[in-house]
There are 2 protein chains.
Amino acid sequence: MSISSRFAVGIHILTLIEVNQDGVTSSNFLAGSVNTNPALIRKIMAMLKKADLIEVTPGVAGAKLAKNLNEISLYDVYRAVSVVEENELFSIHDNPNPACPVGQQIQATIEPIFIHAQSAMESVLKQVTLADVVNDMANNSST
Amino acid sequence: MSISSRFAVGIHILTLIEVNQDGVTSSNFLAGSVNTNPALIRKIMAMLKKADLIEVTPGVAGAKLAKNLNEISLYDVYRAVSVVEENELFSIHDNPNPACPVGQQIQATIEPIFIHAQSAMESVLKQVTLADVVNDMANNSST
DNA sequence: GTTACATGTAATCATCATAGTTACAGCATC
DNA sequence: GATGCTGTAACTATGATGATTACATGTAAC
(Lines give C-alpha, C1' and ligand atoms only; values in the text may rest on other atoms or scores of the structure.)
Protein backbone atom coordinates (compact mmCIF):
# COMPACT_ATOMS: atom_id res chain seq x y z
CA MET A 1 0.00 0.00 0.00
CA SER A 2 1.13 3.51 -0.71
CA ILE A 3 -0.45 6.93 -0.55
CA SER A 4 -1.29 8.06 -4.06
CA SER A 5 1.31 10.06 -5.94
CA ARG A 6 -1.43 12.65 -6.49
CA PHE A 7 -0.03 14.20 -3.35
CA ALA A 8 3.50 14.46 -4.71
CA VAL A 9 2.18 15.69 -8.04
CA GLY A 10 0.08 18.31 -6.26
CA ILE A 11 3.19 19.62 -4.53
CA HIS A 12 5.02 19.55 -7.84
CA ILE A 13 2.28 21.59 -9.50
CA LEU A 14 2.14 24.24 -6.80
CA THR A 15 5.90 24.53 -6.65
CA LEU A 16 6.21 24.93 -10.38
CA ILE A 17 3.51 27.61 -10.48
CA GLU A 18 5.61 29.53 -7.97
CA VAL A 19 8.94 29.01 -9.69
CA ASN A 20 7.46 29.83 -13.08
CA GLN A 21 5.80 33.01 -11.89
CA ASP A 22 7.03 35.00 -14.87
CA GLY A 23 5.76 32.46 -17.39
CA VAL A 24 2.42 30.88 -18.14
CA THR A 25 1.87 27.67 -16.18
CA SER A 26 -0.60 25.77 -18.33
CA SER A 27 -1.64 22.17 -17.77
CA ASN A 28 0.37 21.31 -20.83
CA PHE A 29 3.49 22.90 -19.42
CA LEU A 30 2.96 21.20 -16.07
CA ALA A 31 2.41 17.84 -17.73
CA GLY A 32 5.78 18.24 -19.41
CA SER A 33 7.55 18.75 -16.09
CA VAL A 34 5.66 16.06 -14.19
CA ASN A 35 5.94 13.80 -17.22
CA THR A 36 2.36 12.75 -17.55
CA ASN A 37 -0.89 13.67 -19.23
CA PRO A 38 -2.37 17.18 -19.30
CA ALA A 39 -5.80 15.75 -18.46
CA LEU A 40 -4.44 14.11 -15.34
CA ILE A 41 -2.84 17.40 -14.32
CA ARG A 42 -6.12 19.19 -14.85
CA LYS A 43 -7.90 16.67 -12.65
CA ILE A 44 -5.49 17.35 -9.82
CA MET A 45 -5.63 21.09 -10.48
CA ALA A 46 -9.41 20.89 -10.16
CA MET A 47 -8.90 19.51 -6.66
CA LEU A 48 -6.40 22.20 -5.77
CA LYS A 49 -8.79 24.83 -7.09
CA LYS A 50 -11.70 23.44 -5.11
CA ALA A 51 -9.54 23.71 -2.00
CA ASP A 52 -8.77 27.36 -2.83
CA LEU A 53 -5.09 26.76 -3.28
CA ILE A 54 -4.90 27.96 -6.86
CA GLU A 55 -6.81 30.21 -9.21
CA VAL A 56 -7.61 29.04 -12.70
CA THR A 57 -10.04 30.44 -15.26
CA PRO A 58 -11.68 28.24 -17.88
CA GLY A 59 -10.36 29.10 -21.29
CA VAL A 60 -7.47 31.13 -19.91
CA ALA A 61 -4.03 29.54 -19.93
CA GLY A 62 -2.10 29.44 -16.68
CA ALA A 63 -2.69 29.02 -12.98
CA LYS A 64 -1.78 31.26 -10.06
CA LEU A 65 -1.41 30.50 -6.38
CA ALA A 66 -4.40 31.67 -4.36
CA LYS A 67 -2.34 32.20 -1.21
CA ASN A 68 1.14 33.05 -0.15
CA LEU A 69 3.70 30.27 -0.26
CA ASN A 70 4.07 30.17 3.50
CA GLU A 71 0.32 29.99 3.96
CA ILE A 72 0.06 26.66 2.16
CA SER A 73 1.16 23.66 4.20
CA LEU A 74 1.75 20.23 2.77
CA TYR A 75 -1.19 19.14 4.87
CA ASP A 76 -3.41 21.53 2.91
CA VAL A 77 -2.27 19.89 -0.31
CA TYR A 78 -2.67 16.42 1.17
CA ARG A 79 -6.23 17.22 2.16
CA ALA A 80 -6.99 18.89 -1.15
CA VAL A 81 -6.07 15.89 -3.26
CA SER A 82 -7.83 13.58 -0.79
CA VAL A 83 -5.29 10.83 -0.77
CA VAL A 84 -6.28 9.90 2.77
CA GLU A 85 -9.63 10.57 4.39
CA GLU A 86 -10.02 11.85 7.92
CA ASN A 87 -9.34 9.13 10.48
CA GLU A 88 -9.13 6.53 7.78
CA LEU A 89 -5.43 6.02 7.20
CA PHE A 90 -5.82 2.61 8.79
CA SER A 91 -8.74 0.39 7.98
CA ILE A 92 -10.33 -1.93 10.50
CA HIS A 93 -12.14 -5.11 9.53
CA ASP A 94 -15.93 -4.89 9.65
CA ASN A 95 -18.31 -7.00 11.67
CA PRO A 96 -16.08 -8.77 14.16
CA ASN A 97 -18.08 -11.25 16.20
CA PRO A 98 -19.90 -9.43 19.03
CA ALA A 99 -20.30 -12.72 20.89
CA CYS A 100 -16.51 -12.79 21.40
CA PRO A 101 -15.13 -10.40 24.00
CA VAL A 102 -12.22 -9.52 21.73
CA GLY A 103 -14.45 -9.19 18.69
CA GLN A 104 -16.75 -6.93 20.59
CA GLN A 105 -14.03 -4.60 21.86
CA ILE A 106 -11.38 -4.63 19.18
CA GLN A 107 -12.66 -1.76 17.06
CA ALA A 108 -13.15 0.66 19.93
CA THR A 109 -9.78 -0.28 21.38
CA ILE A 110 -7.72 0.07 18.26
CA GLU A 111 -9.34 3.08 16.64
CA PRO A 112 -7.96 5.75 19.00
CA ILE A 113 -4.46 4.35 18.57
CA PHE A 114 -4.78 4.44 14.81
CA ILE A 115 -6.10 8.00 14.90
CA HIS A 116 -3.22 9.00 17.14
CA ALA A 117 -0.68 7.54 14.72
CA GLN A 118 -2.33 9.19 11.75
CA SER A 119 -2.36 12.54 13.56
CA ALA A 120 1.34 12.28 14.29
CA MET A 121 2.03 11.83 10.61
CA GLU A 122 -0.25 14.67 9.61
CA SER A 123 1.31 17.00 12.16
CA VAL A 124 4.58 16.75 10.31
CA LEU A 125 2.83 17.71 7.09
CA LYS A 126 1.21 20.67 8.81
CA GLN A 127 4.58 21.98 9.88
CA VAL A 128 6.01 22.12 6.38
CA THR A 129 4.90 24.82 3.96
CA LEU A 130 5.47 25.23 0.27
CA ALA A 131 7.88 28.02 1.15
CA ASP A 132 10.05 25.41 2.86
CA VAL A 133 9.88 23.16 -0.17
CA VAL A 134 10.89 25.96 -2.52
CA ASN A 135 13.73 26.95 -0.21
CA ASP A 136 14.99 23.39 0.09
CA MET A 137 14.91 23.12 -3.64
CA ALA A 138 16.92 26.28 -4.09
CA ASN A 139 19.49 25.10 -1.58
CA ASN A 140 19.83 21.70 -3.18
CA SER A 141 20.33 23.09 -6.65
CA SER A 142 22.92 25.60 -5.47
CA THR A 143 25.12 22.88 -4.03
CA MET B 1 -6.37 4.91 0.16
CA SER B 2 -6.24 3.02 3.39
CA ILE B 3 -3.72 0.77 5.05
CA SER B 4 -4.90 -2.82 4.73
CA SER B 5 -7.03 -4.25 7.49
CA ARG B 6 -4.50 -7.08 7.68
CA PHE B 7 -2.89 -4.92 10.33
CA ALA B 8 -6.05 -4.71 12.45
CA VAL B 9 -6.73 -8.39 11.92
CA GLY B 10 -3.17 -9.20 12.99
CA ILE B 11 -3.73 -7.33 16.23
CA HIS B 12 -7.04 -9.09 16.67
CA ILE B 13 -5.41 -12.49 16.23
CA LEU B 14 -2.61 -11.84 18.70
CA THR B 15 -4.98 -10.37 21.26
CA LEU B 16 -7.33 -13.29 21.04
CA ILE B 17 -4.51 -15.80 21.40
CA GLU B 18 -3.65 -14.05 24.65
CA VAL B 19 -7.19 -13.76 25.96
CA ASN B 20 -7.96 -17.34 25.02
CA GLN B 21 -4.85 -18.74 26.68
CA ASP B 22 -6.78 -21.51 28.38
CA GLY B 23 -8.46 -22.64 25.18
CA VAL B 24 -7.24 -23.74 21.77
CA THR B 25 -6.90 -20.84 19.34
CA SER B 26 -7.27 -22.48 15.95
CA SER B 27 -7.62 -20.64 12.66
CA ASN B 28 -11.23 -21.73 12.64
CA PHE B 29 -11.88 -20.22 16.04
CA LEU B 30 -10.10 -17.00 15.06
CA ALA B 31 -12.05 -16.79 11.83
CA GLY B 32 -15.23 -16.90 13.87
CA SER B 33 -14.20 -13.95 16.00
CA VAL B 34 -12.77 -11.88 13.14
CA ASN B 35 -15.72 -12.93 11.00
CA THR B 36 -13.88 -14.04 7.94
CA ASN B 37 -12.36 -17.10 6.34
CA PRO B 38 -10.00 -19.54 8.09
CA ALA B 39 -7.71 -19.53 5.07
CA LEU B 40 -7.32 -15.77 5.25
CA ILE B 41 -6.52 -16.05 8.94
CA ARG B 42 -3.90 -18.69 8.21
CA LYS B 43 -2.28 -16.44 5.63
CA ILE B 44 -1.94 -13.66 8.16
CA MET B 45 -0.81 -16.13 10.80
CA ALA B 46 1.89 -17.29 8.41
CA MET B 47 3.19 -13.72 8.33
CA LEU B 48 3.07 -13.42 12.11
CA LYS B 49 4.90 -16.72 12.41
CA LYS B 50 7.57 -15.66 9.95
CA ALA B 51 8.12 -12.56 12.08
CA ASP B 52 8.50 -14.75 15.17
CA LEU B 53 5.47 -13.31 16.88
CA ILE B 54 3.59 -16.59 17.22
CA GLU B 55 4.31 -20.30 17.31
CA VAL B 56 2.24 -22.69 15.26
CA THR B 57 2.84 -26.29 14.34
CA PRO B 58 1.47 -27.82 11.14
CA GLY B 59 -1.23 -30.32 11.94
CA VAL B 60 -1.54 -29.17 15.53
CA ALA B 61 -4.50 -26.98 16.42
CA GLY B 62 -3.82 -23.70 18.16
CA ALA B 63 -1.28 -20.90 18.21
CA LYS B 64 0.78 -19.48 21.04
CA LEU B 65 2.50 -16.13 21.39
CA ALA B 66 6.24 -16.37 20.86
CA LYS B 67 7.01 -13.44 23.16
CA ASN B 68 5.61 -11.67 26.14
CA LEU B 69 2.73 -9.32 25.53
CA ASN B 70 4.75 -6.25 26.42
CA GLU B 71 7.52 -7.30 24.07
CA ILE B 72 5.30 -7.07 21.02
CA SER B 73 4.65 -3.55 19.79
CA LEU B 74 2.02 -2.65 17.25
CA TYR B 75 4.90 -1.65 15.02
CA ASP B 76 6.13 -5.25 15.10
CA VAL B 77 2.72 -6.42 13.91
CA TYR B 78 2.57 -3.66 11.31
CA ARG B 79 5.93 -4.73 9.93
CA ALA B 80 5.03 -8.42 10.11
CA VAL B 81 1.95 -8.12 7.95
CA SER B 82 3.78 -5.74 5.59
CA VAL B 83 0.98 -3.31 5.02
CA VAL B 84 3.48 -0.51 4.40
CA GLU B 85 7.02 -0.93 3.18
CA GLU B 86 9.96 0.96 4.60
CA ASN B 87 10.01 4.57 3.43
CA GLU B 88 7.17 3.93 1.05
CA LEU B 89 4.09 5.20 2.81
CA PHE B 90 4.01 8.02 0.28
CA SER B 91 4.62 7.40 -3.37
CA ILE B 92 6.33 9.90 -5.63
CA HIS B 93 5.70 10.09 -9.36
CA ASP B 94 8.45 8.58 -11.52
CA ASN B 95 10.47 10.29 -14.18
CA PRO B 96 9.79 13.97 -13.68
CA ASN B 97 11.39 16.02 -16.41
CA PRO B 98 15.11 16.55 -15.59
CA ALA B 99 15.19 19.52 -17.97
CA CYS B 100 12.88 21.40 -15.62
CA PRO B 101 14.48 22.73 -12.41
CA VAL B 102 11.46 21.65 -10.38
CA GLY B 103 11.26 18.29 -12.10
CA GLN B 104 14.91 17.70 -11.43
CA GLN B 105 14.74 18.52 -7.72
CA ILE B 106 11.27 17.51 -6.63
CA GLN B 107 12.00 13.93 -5.65
CA ALA B 108 15.06 14.69 -3.56
CA THR B 109 13.28 17.60 -1.91
CA ILE B 110 10.09 15.83 -0.97
CA GLU B 111 11.40 12.42 0.00
CA PRO B 112 12.97 13.38 3.35
CA ILE B 113 9.77 15.14 4.36
CA PHE B 114 7.71 12.08 3.50
CA ILE B 115 10.07 9.82 5.41
CA HIS B 116 9.87 12.14 8.39
CA ALA B 117 6.06 12.02 8.36
CA GLN B 118 6.03 8.25 8.04
CA SER B 119 8.48 7.91 10.92
CA ALA B 120 6.29 10.07 13.14
CA MET B 121 3.38 7.75 12.51
CA GLU B 122 5.44 4.64 13.09
CA SER B 123 6.87 6.01 16.32
CA VAL B 124 3.39 6.00 17.79
CA LEU B 125 2.98 2.36 16.81
CA LYS B 126 6.31 1.52 18.42
CA GLN B 127 5.17 3.01 21.68
CA VAL B 128 2.08 0.84 21.99
CA THR B 129 2.40 -2.83 22.92
CA LEU B 130 -0.13 -5.62 22.87
CA ALA B 131 -0.14 -5.42 26.65
CA ASP B 132 -1.56 -1.91 26.31
CA VAL B 133 -4.21 -3.14 23.91
CA VAL B 134 -5.28 -5.96 26.22
CA ASN B 135 -5.39 -3.56 29.16
CA ASP B 136 -7.45 -1.02 27.26
CA MET B 137 -9.82 -3.75 26.28
CA ALA B 138 -10.25 -4.93 29.86
CA ASN B 139 -10.90 -1.37 31.01
CA ASN B 140 -13.45 -0.72 28.31
CA SER B 141 -15.41 -3.84 29.01
CA SER B 142 -15.49 -3.20 32.75
CA THR B 143 -17.12 0.20 32.30
C1' DG C 1 -2.66 -47.69 9.87
C1' DT C 2 -6.55 -45.30 9.20
C1' DT C 3 -9.53 -41.75 10.50
C1' DA C 4 -10.28 -37.09 11.79
C1' DC C 5 -8.87 -32.70 11.87
C1' DA C 6 -5.43 -29.02 11.69
C1' DT C 7 -2.08 -26.16 9.20
C1' DG C 8 0.15 -24.42 4.79
C1' DT C 9 -0.51 -22.66 0.42
C1' DA C 10 -1.74 -22.29 -4.41
C1' DA C 11 -5.29 -20.73 -7.45
C1' DT C 12 -9.20 -18.21 -8.54
C1' DC C 13 -12.49 -14.35 -8.31
C1' DA C 14 -14.92 -9.79 -7.52
C1' DT C 15 -14.07 -5.34 -6.28
C1' DC C 16 -11.81 -1.08 -6.00
C1' DA C 17 -8.23 2.73 -6.51
C1' DT C 18 -4.76 4.35 -9.37
C1' DA C 19 -2.73 6.22 -13.39
C1' DG C 20 -3.03 6.85 -18.15
C1' DT C 21 -5.50 8.22 -22.24
C1' DT C 22 -9.00 9.89 -25.59
C1' DA C 23 -12.57 12.81 -26.62
C1' DC C 24 -15.22 16.64 -26.45
C1' DA C 25 -18.02 20.53 -24.46
C1' DG C 26 -17.44 25.24 -22.78
C1' DC C 27 -15.00 29.49 -22.57
C1' DA C 28 -11.65 33.43 -23.58
C1' DT C 29 -8.68 35.86 -26.60
C1' DC C 30 -7.23 37.24 -30.86
C1' DG D 1 -14.89 32.51 -36.36
C1' DA D 2 -10.34 30.33 -35.42
C1' DT D 3 -7.33 28.98 -31.97
C1' DG D 4 -6.11 27.19 -27.75
C1' DC D 5 -7.02 26.42 -23.10
C1' DT D 6 -9.77 24.50 -19.13
C1' DG D 7 -13.22 21.19 -17.33
C1' DT D 8 -14.91 16.55 -17.45
C1' DA D 9 -16.79 12.28 -18.78
C1' DA D 10 -15.65 7.80 -20.35
C1' DC D 11 -12.76 4.05 -20.93
C1' DT D 12 -8.68 1.09 -20.14
C1' DA D 13 -4.85 -1.52 -17.86
C1' DT D 14 -2.81 -2.57 -13.72
C1' DG D 15 -2.28 -3.97 -9.10
C1' DA D 16 -3.82 -4.63 -4.16
C1' DT D 17 -7.33 -6.36 -1.28
C1' DG D 18 -10.35 -9.58 0.70
C1' DA D 19 -12.99 -13.76 0.05
C1' DT D 20 -13.16 -18.39 -1.19
C1' DT D 21 -12.20 -23.17 -2.84
C1' DA D 22 -9.30 -26.89 -3.05
C1' DC D 23 -5.88 -29.77 -1.72
C1' DA D 24 -1.25 -31.31 -0.03
C1' DT D 25 0.96 -32.05 4.27
C1' DG D 26 1.29 -33.11 9.06
C1' DT D 27 -0.33 -34.62 13.94
C1' DA D 28 -2.69 -37.25 17.06
C1' DA D 29 -6.24 -40.35 18.74
C1' DC D 30 -8.31 -44.53 18.11
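Keep in mind the model is a prediction, meaning the values are calculated, not measured. Chain identifiers are assigned alphabetically (A, B, ...) following the order of the sequence lines, protein sequences preceding nucleic acid strands; residue numbering begins at 1 within each chain. Side-chain atoms are counted along with the backbone in the values below, which use heavy atoms only and exclude waters and symmetry mates.
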Nearest-Å distance for atom pair CD1/P, residues I17(B) and dT7(C): 11 Å

R6(B) vs dT17(D): side-chain N/O to OP1/OP2 distance below 4.0 Å: yes

N37(B) CG to dA11(C) P, straight-line distance once rounded to whole Å: 18 Å

Under 4.0 angstrom between T57(B) side-chain N/O and dT27(D) OP1 or OP2: no

Exercise: do T109(B) and D136(A) side chains pair donor with acceptor under 3.5 Å: no

Distance test, side-chain N/O of S26(B) to OP1/OP2 of dA6(C), below 4.0 Å: no

Donor + acceptor pair across side chains of T36(A), H93(B) (<3.5 Å): no

Which nucleotide in dA22(D), dA19(C), dG18(D) has an atom nearest any side-chain atom of S91(A): dG18(D)

Whole angstrom value for the distance that separates P of dT6(D) from CG of N28(A): 8 Å

Interatomic distance where CZ belongs to R42(A) and P belongs to dA23(C) [whole Å]: 14 Å

Atom-to-atom span, CG of L40(A) to P of dT8(D) - whole angstrom: 15 Å

Whole-Å distance separating the CD1 atom of I54(B) from the C1' atom of dG8(C): 12 Å

Sugar-phosphate only, base, or nothing, as touched by A61(B) at under 4.0 Å among non-hydrogen atoms: sugar-phosphate

Between dA17(C) (P) and F7(A) (CZ): distance, integer Å: 20 Å

Given DNA chain C, 5'-ward residue of the pair I3(A) and T25(B), judged by closest heavy atom: T25(B)

Minimum side-chain heavy-atom gap M137(B)-V102(A) below 4.5 Å: yes

N/O (side chain, S4(A)) to phosphate O (OP1/OP2, dA19(C)) under 4.0 Å: yes

Contact under 4.0 Å: T36(A) side-chain N or O vs dA19(C) OP1/OP2: no

Selection from dG20(C), dA28(D), dA28(C) that lies nearest to any side-chain heavy atom of V60(B): dA28(D)

Listed nucleotide nearest any side-chain atom of V56(A), set dT7(C), dT6(D), dA11(C): dT6(D)

K64(B) NZ to dT7(C) C1', straight-line distance once rounded to whole Å: 16 Å

Could you give the side-chain donor-acceptor pairs of residues 48-66 of chain A under 3.5 Å, partners two or more places apart or in another chain?
residue, atom, partner, partner atom, Å
K49(A), NZ, V56(A), O, 3.0

Given dT7(C), dA19(D), dT18(C), the nucleotide with the shortest approach to the side chain of M1(B): dT18(C)

Whether F7(B) and Y78(B) hold their rings parallel, tilted or perpendicular, with breakpoints at 30° and 60°: perpendicular

Touch class at under 4.0 angstrom, heavy-atom based, for K49(A) against every strand present: sugar-phosphate

